Amino acid sequence: MKTIVLFTALLASQLLMANDYEETMKLNIVKLEKSTSIEEMNQIAALFMRIADVEKMEWLPSYYASYAYARTTHFMNDADSIDSALDHAQAILDDLLKQKSDESEVYVLQGFIYSLRITSAMRGYKYSTLSNQSLEKAEQLNADNPRVYYCKANNIFHTPKMFGGGSDNALPLYKKAKALFEKNKSANTLFPGWGSYHNEVMLQKCLAKK
Amino acid sequence: MKIHTISFLFILILTGQWIDGQTIVKGKVLSNTGELLVGVNISIVGTYNGTITDTNGEFELEVENVTGKELNASFIGYKTQTINLSDNTDPLLIKLNESVTGLNAVTITAGSFAADDKERASVLEPLDIYTTAGSLGDINGALKTLPGTQSSSDDGRLLVRGGAASETSVYVDGLLAAKPYYSKVPDLPTRGRFSPSLFSGTVFSTGGYSAEYGQALSSVLVLESNDIEVEELTGVSLMSVGADLSKTWCAPNRSTSLGLGYMNLAPYYNLVNNRLDWTKPSESEQMNFIHRKKFNNGGLLKIFSTAEYGERAFNTEWDAEQVKISNNNTNAYLNVNYSLPIGEKSMLKSGVATTLNNDRQLAWIHRTRENEVNIEGRLTFVSQLSDGIKLKTGFSDAFTNYEHHYNQLQSEINWEGKYDDHILGFFAEPEIKLNSRFAIRPGLRFEYSTYLNKQNLSPRFAAAYRTGKNTQLSVAYGQYFQSPVADYLKFGSDFNNEKATHYIMSLQTGSLKERLLRLEAYYKDYDHLVTYSKGTHPYNNSFSSNGFGYAKGIDLFYRDRKTFSGTDYWVSYSYIDTKRLFLDYPVEATPDFIANHTISAVAKYFIGAIHTQVGAAWTTASGRPYHQPGDADFMTRKADIYNNLNLNLSYLTHIANHYTIIHFSISNVLGSEQLVGYQTIKNYDGKPDSLVPLLPDVKQFLFLGIFISIK
């Protein structure tokens, strides 16, 4: 009796405690993509940080932690909150850039974070330049990364037409991103996969403007 | 046995510690200053289990088998704290200390102005260097709108806190740039040799700088050249004064850029009224080559080089006499440096910078030819000993080979001189962050000059204390030594190193994003300045190192990007009181390049609807002293107030799908008389010295440029 109780208790605790890396990551990546609450996204970001703390050899937990903080800014309005969230995202990314300096996705995320810093026209030149530089670096590292073109297209889309921006100039890049999104359906489900849905939305928007 | 087991289980169930296994750990997280911290990551070490603190700084967490487990509280900018858990269920009170490496940690700023995206102590952004009205693409033009500098539109070089132009040294990627300006000819200002577009970071120190730098009495300007470029780019610039062409090639982990430039002021001078009678308006050809490569071992190689040839000739009036001035200059600069990370925490930087310079100049009856070779080799080791302690040590050898030929027209006077000098330098300087609020930087530098056979030891010290979130106090002290300039050393080695001692106190509050205020007070003591008494011609003066002097003043800088939407402006005010006994001054006096009060204001406004940035820069300075030959007392007269307003317009557009900036600027919009002061011309033939007013060549300068980037 004692043995059985002990055994079951041990087993249950083992199961509960099991740091099932893949499962937890998968679950929370999906949760993050669906979330519209800043509160929840901050919780998820913190969880990714905790995972990163345990799984020291993995780069994806810190990547998603940084991405989650960056994503919260989609639901913010004032520049100060956006800056503070991006400071968090950047601090995590700074370490990641050292740890994984040959990964295209890390530079895409850097480009993404820079473009989110553009909260006023005065910041446009500085941060679009920095963003595009990071995306160029990402393209050098992996020319088949669809997010490179999706982010580039976004930068162009939001740049005034006078400076070579606008929907017509962004369209070919959204198309290229779409083709690559379809081609690159990654086998590794933990690998960054964001952007395809919004890419399609933007692509249709550009086509509608024609 | 059976009863034992049952009672055992019973106890376990009752205490809820094992089978159920859950304990609720509660707590609150504050900063060491008592602020509530929201969003702190609470985790059980070794597990994914955790939560974050809510808006009251509080958390609640279910933990299995709590005894013996550790709880981490971590937050960006703070040191992670670990707590051993026990089955005691009292709420925890956790206080986090700010991290010394965090975003808000103190940084030593006394005396220095940074324009860098990476430097947190920045007061400028790299882009500000281009977009400051009146700077005309000259780094120094933008820096002259900062406090501590003289407006000195007659000189063009940086004159900092009472120091002469030669007292500022320029470093590129940590290596000396011996000739950072184009050759200075009498009666005309010069400008910086290096285009601002080649640099991504600028730190301009107006005093109290680190032991890393020697051979600068007043100031150092540290330029960090661009990193590996990732965008293939062709740049075409068409300007009213010339054209530039540049091309950048990129590959993973390396990039190469080549630039060619041609400048000619003749077409422009044909259209305007010049004060000077130009026989050969300035014409120059330039080239620059930049290469960067990152190696698999993490090492980074940077090669930065420029070369140019320029000539010009004009006639001017000295004492109602027509005087011919001409200058031909050939210059090459090659800076090669390699930095290699050693382990995670250390970096070895090595480099060699070579400057070759040849000047042929005629000024009235004085014909000179100068040849100069400067080679500086440097080895620096930077090591992060712990989170809070960074140690820099380094060794350098700066070699100079200088040769000077002089002959006086229509006379028998000839002179030739040359010298070789090695200045060996060694420094060690730890930067110690005692905590997130308090940092000190004690340093020591040793230098030995083989030519002067003199050595000196300069102690340096800087400290900063952060009193609030965005407010900090800094102090700096240092002894600075510099060999006399080649103009004196060519006559012999019987000199001392000139010496300045700096004392600086500084207060900075606010942030660059919104409003920033910097207030600095300083006192400087000079010793061993070169003095001379006039001989029978310019090449037989007699020299000594007996000069001395002082400078004290207040510098104020205020930048505001918040108050007026879309407008970014800054205001600088400098007050200086300085006297020196140097050159051939008979008594201690304020030098003729000093204005006691200088005010600069720079404003930028972006008009989104027409994609145009409008900029204005206004400078006014109190009159500079001068000496009227024949006066009984020395340097007692003062020139009028100097006043200059510059405007610029940058229109951003596209030409055939290529990003294009059309830039227009105009100096002295108000068309005021721009007398900066008077210059004394020495006469050696028994006649009294003559006094020449310092006036710009053209009253208003207009500039139009089209800059196209082809991707």
Side-chain angles (χ1 to χ4, degrees), chain A residues 1-3 5 8-9 12-13 16-17 19-21 24-25 28 39 42-43 45-51 53-55 61 65 69 79-80 83 87-88 90-92 98 101-102 107 120-122 124-126 129-130 132-141 159-165 169, chain B residues 1-2 4-6 8-9 12 18-19 21 38-52 54 64-65 72 74 76-77 102-103 117 125-127 227-232 250-253 298 344 513 561 565-568 604 606 608 611 613 652-654 657-660 711:
Chain A
M1 166 75 176
K2 184 181 158 194
T3 329
V5 170
T8 7
S13 78
L16 281 170
M17 289 283 293
N19 295 336
D20 193 343
Y21 172 67
T24 318
M25 287 293 288
N28 285 283
E39 174 79 1
N42 282 334
Q43 280 284 5
L47 173 62
F48 282 128
M49 286 303 286
R50 292 195 293 272
I51 299 174
D53 236 18
V54 177
E55 315 293 342
Y69 282 123
D80 286 346
D83 266 336
D87 285 347
H88 274 70
Q90 187 67 52
I92 300 164
K98 286 179 211 150
S101 63
D102 57 349
Y107 289 91
S120 71
M122 278 170 86
Y125 179 78
K126 175 180 169 182
T129 308
L130 287 170
N132 287 329
Q133 279 174 358
S134 300
L135 294 171
E136 286 297 329
K137 177 83 188 169
E139 188 178 342
Q140 272 184 3
L141 291 168
T159 302
K161 207 171 173 180
M162 300 223 44
F163 312 150
N169 289 318
Chain B
M1 187 69 184
K2 224 171 191 176
H4 268 272
T5 310
I6 289 165
F8 178 52
L9 282 173
L12 282 176
W18 194 59
I19 288 185
V38 180
V40 176
N41 205 347
I42 304 294
S43 63
I44 301 301
V45 176
T47 74
Y48 299 171
N49 187 17
T51 184
I52 55 177
D54 61 17
E64 306 254 340
N65 303 331
N72 263 354
S74 59
I76 284 163
L103 284 174
D117 285 327
E125 295 195 17
L127 206 59
D227 224 324
I228 296 175
E229 305 280 353
V230 288
E231 258 180 310
E232 296 258 337
C250 303
N253 292 323
E344 293 242 308
K513 271 193 261 173
R561 311 169 103 170
S565 161
T567 307
D568 176 7
K604 298 166 191 190
F606 189 75
H611 311 116
Q613 178 169 288
L652 313 176
T653 181
H654 257 256
N657 247 338
H658 304 302
Y659 185 72
T660 303
K711 282 180 188 163

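Bear in mind the structure is a predicted one, so any value in this text is a computation, not a measurement. Note on naming: letters A, B, ... go to the chains in the order of the sequence lines (proteins, then strands), and numbering restarts at 1 for each one.
Summarising the geometry of A/E136 relative to B/V230, their closest heavy-atom pair is CB-O, 3.5 Å, with the distance given to 0.1 Å. The nearest pair of heavy atoms linking A/Y21 to A/E55 is CD1-CG, 3.6 Å. The two residues A/V54 and B/T47 come nearest to each other via the heavy atoms CG2-O, 3.4 Å.
Below 30°, between 30° and 60°, or above 60°: for B/H654 and B/Y659 the angle between ring planes is above 60°, a perpendicular geometry.
Contact of A/N42 with chain B is made through backbone and side chain together, with heavy-atom distances under 4.5 Å. For A/D80, the part lying near chain B is the side chain, with the backbone staying farther off; criterion is any non-hydrogen pair under 4.5 Å. For B/N253, the parts lying under 4.5 angstrom from a heavy atom of chain A are both the backbone and the side chain. Only the side chain of A/D83 comes within less than 4.5 Å of a heavy atom in chain B; its backbone stays farther off. Interface residue B/K513: only side-chain heavy atoms are found under 4.5 Å from chain A. In this structure, chain A has a heavy atom under 4.5 Å from the backbone of B/I42, while its side chain stays farther away.
In this structure, the separation between NZ on A/K137 and CD1 on B/I228 is 6.0 Å, given to the nearest 0.5 Å. Once rounded to the nearest 0.5 Å, the distance linking CG of B/N72 with CG of A/D53 reads 6.5 Å.
The residue among B/G298, B/S74, B/G566, B/S565 with the most heavy atom pairs within less than 4.5 Å of chain A is B/G566.
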